[in-house]
Amino acid sequence: MVAQLQALGLNMLEQGFLFGFLGLGVLITFRFFRFPDLTAEGSYPLGGAVAAALLVSGVHPVAATLSAALAGAGAGMVTALIHTKLKINNIVAGIVVMTALYSVNLRIMGRANIPLLREPTVFGEAVGWLNGFGLGWRENVYTTILVAFVLLVAAGALLVWFFSTDLGLAVRATGQNEPMILSLGVDTDRTKMVGLALSNAFIAVSGALVAQNHGFADIGMGIGILVTGAAAVLIGEAIFGDRGILTWVVAAVVGVVIYRLLVALALRVGLEPVDLRLVTAALLLMALAVPRFRPRLLR
Amino acid sequence: MTPAMLALERVSKSFLRGTPNEVRALRDVDLAVAAGDFVTVIGSNGAGKSTMIKAVAGFAIPDEGRILLEGRDITRRPPWRRAATIGRIAQDPNESTCAGMTIEENLAMAERRGRPRGLRLAIRGDARRRFRDALAPIGLGLEDRLASRVGLLSGGQRQALALLMATLSGSRLLLLDEHLAALDPKTAETVMRLTDRLIAERRLTALMITHNMQDAIRWGNRLLMMHGGRIVLDVGGAEKAALTVQMLVDKFHAVSHAEMVEDRVLLTA
């Protein structure tokens, strides 16, 4: 029983931290820009595909993961360009790019699935680097949690810093009050591009890290990923409320961890993996509905 | 001769063009505003007042005609490429400030008006001291609430903040689109006094739309009445100072042929 709980907890943290990058990415579009950016469904597997293709051709895992981030940023920029220059609704622009990316991802991978079990990963490399200081660690779930956590804290700090800069404030204001920030001299076509690039870079990194952790990249790994990210952001917000940039970032990550816990629990109580999307949909619905029923005092 | 601060040359703008419901919001409007002028604008709903302000700010592109700002043609420039010179406040306090961000964040965004925004921390150096110094003279206690969300402020406080944001950093033309309309009379008076003071202190040129004819007469040095997309009255100086509400109502009736009773109620309210 204790061992079971421990395994559950470790799995929750490991997967939660890996998907934390997804939460941060979705936070930018879903919360700051107030629209569900479906590019995520393509940029998440794009991150996995780019990292996997580079890893099997011998590229260093860190370089492969950074390349995934750049590819994700590119995908976000394309969505932003379709939305701003062709004046197409942002959700539709995301659907267009998501659809195109399916073929792009297949081209990058050359097939539907790339196994990575024999390839080096950022998690293994990090342990190897730490062992250079004479620690003598072996790569296991604890080291993965540690590496993912450190990366996530760095990414979260980067986001908090960015959204406190002149450009970052302009990006936030673009989602909140576009006429105002236009009136203050900001080209919102550009800030939308920055926001979507940043968001999809984080989401692609999440895909790259998950692929390395799970030992494969798969063309179907992105299905339903936006809903996962949105559910996580909403769960986090339902707990922490809306109290500024640092809270949002922490809430998004905690939201993902709790989301993973709920999914793991659902599997333990007898639901099967085929039911997972149903569970995700139910969680999303709960997260959307619960804040309405919260007593006023907690708001 | 130096060019006017703002000039509209035969500016026309229609909405729903080419449909049976076409609305001709502006018809061949000509207007020259000298630097330092404080122009009040009145007129019934649909007279074209808001459309004129939006055309100047870049939120409505004219179908015909030109708009010159300090002699430069800005007719087709997007709003963000005019912002270095133009500050604008709308009727709805939600429009001119960012509710989800703090007072200091709003001011920091306004301080960078029309300048490039990079990756330096928005609130740096002595920014907080500068913001406090700018907020204190307003007398609403905002200087002690720099880290509060703007959404927590009252409508009057938000419009006062919007005024500061519109005038903080080098804007020379101030556009006010019924910025007092959502406020109670006492708050409106406070915000109006602040408006007048800021315009005088910073030597701004201003265009102020108002529904209140008393305000239109009392403030500024020039008054425009619009009707049906045209400027139908344009008075300044001593002539404006001698105006009464009754004279404006009479003038209005002379140019409009319908709904006189309703309009009297609307205009004198």
Side-chain angles (χ1 to χ4, degrees), chain A residues 27-35 73 84-85 87 157-195 197-198 201 233 237 240-249 251 296 299, chain B residues 53-54 56-59 77-90 92-102 104-124 127 147-151 158 161-162 165-166 168-171 174-175 177:
Chain A
L27 175 73
I28 296 173
T29 48
F30 192 70
R31 191 42 66 202
F32 292 170
F33 282 175
R34 296 175 185 191
F35 85 101
T84 57
K85 300 302 174 194
K87 313 279 179 223
L158 183 76
L159 267 194
V160 171
W161 166 79
F162 174 73
F163 282 113
S164 308
T165 65
D166 284 324
L167 180 60
L169 289 192
V171 171
R172 276 162 70 194
T174 300
Q176 281 201 22
N177 193 340
E178 190 171 353
M180 182 208 77
I181 199 71
L182 272 171
S183 297
L184 292 177
V186 170
D187 178 1
T188 52
D189 286 1
R190 197 172 138 248
T191 47
K192 284 175 185 170
M193 182 116 92
V194 171
L198 202 56
V233 168
E237 199 175 275
F240 286 84
D242 169 10
R243 276 178 295 170
I245 186 76
L246 180 63
T247 343
W248 276 320
V249 167
R296 276 193 183 282
R299 282 190 193 167
Chain B
I53 291 247
K54 285 198 177 100
V56 174
F59 288 92
R77 275 195 202 171
W80 63 271
R81 287 193 54 213
R82 320 175 177 209
T85 319
I86 300 179
R88 171 175 163 265
I89 304 180
D92 184 349
N94 293 314
E95 265 182 56
S96 312
T97 50
C98 213
M101 294 165 78
T102 63
E104 60 189 14
E105 284 171 337
N106 272 274
L107 286 168
M109 289 191 288
E111 217 181 23
R112 301 291 305 168
R113 165 188 297 283
R115 284 185 287 164
R117 288 161 208 257
L119 294 176
R120 298 176 65 191
L121 281 180
I123 294 157
R124 57 181 181 258
S148 294
R149 293 266 185 106
V150 168
R158 287 185 68 171
L161 178 64
M165 289 170 64
L168 192 62
S169 52
S171 58
L174 181 62
L175 304 175
D177 189 352

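Throughout, protein chains are lettered first and strands after them, A, B, ... in sequence-line order, and every chain is numbered starting at 1. Scope of the values below: all heavy atoms of this structure, side chains included, with no hydrogens, waters or symmetry mates. All values derive from a computational prediction rather than experimental measurement.
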Q: Minimum heavy-atom separation for B:M165 to A:L184, with atom names?
A: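 Nearest heavy atoms, B:M165 then A:L184: CE-CD1, 4.2 Å.
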Q: What is the distance from atom SG of B:C98 to atom CD1 of A:I181, rounded to the nearest 0.5 Å?
A: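 One finds 7.0 Å between SG of B:C98 and CD1 of A:I181.
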Q: Residues two or more places apart in sequence or in another chain: which of them pass ring-ring contact (aromatic ring centres under 6.0 Å, His included) with A:F30?
A: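 If we apply the ring-ring contact (aromatic ring centres under 6.0 Å, His included) test to A:F30, skipping adjacent residues, there are no hits.
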Q: Taking side chain as everything from C-beta outward and backbone as N, CA, C, O, which of these in B:P78 sits under 4.5 Å from a heavy atom of chain A? Side chain, backbone, both or neither.
A: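 No part of it gets close to chain A.
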Q: Extract the chain A to chain B donor-acceptor pairs under 3.5 Å, no hydrogen or angle test applied.
A:
residue : atom : partner : partner atom : Å
A:S164  : O    : B:A122  : N            : 2.8
A:D166  : N    : B:R120  : O            : 3.0
A:D166  : OD2  : B:R124  : NH1          : 3.1
A:L167  : N    : B:G118  : O            : 3.0
A:R172  : NH1  : B:E105  : OE2          : 3.3
A:R172  : NH2  : B:E105  : OE1          : 3.4
A:Q176  : OE1  : B:G100  : N            : 3.1
A:N177  : ND2  : B:N94   : O            : 2.9
A:N177  : ND2  : B:E95   : O            : 3.2
A:N177  : ND2  : B:T97   : O            : 2.9
A:S183  : O    : B:R113  : NH1          : 3.3
A:S183  : OG   : B:R88   : NH1          : 3.4
A:L184  : O    : B:G114  : N            : 3.1
A:L184  : O    : B:R117  : NH2          : 2.9
A:D242  : O    : B:R149  : NH2          : 3.2
A:D242  : OD1  : B:R149  : NH2          : 3.0

Q: Which atoms of B:A90 come close to chain A, meaning under 4.5 Å heavy atom to heavy atom: side chain ones, backbone ones, both, or neither?
A: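 B:A90 has no heavy atom closer than 4.5 Å to chain A.
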Q: Can you tell me which portion of B:A110 sits under 4.5 Å from chain A's heavy atoms? Options are side chain, backbone, both or neither.
A: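 Both parts, backbone and side chain.
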Q: Quick one: what part of A:I245 sits under 4.5 Å from any heavy atom of chain B, side chain, backbone, both or neither?
A: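 Interface part for A:I245: neither.
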Q: Under a 4.5 Å heavy-atom cut-off, does chain A meet the side chain of B:I86, its backbone, both or neither?
A: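 Contact with chain A is through the backbone of B:I86 alone.
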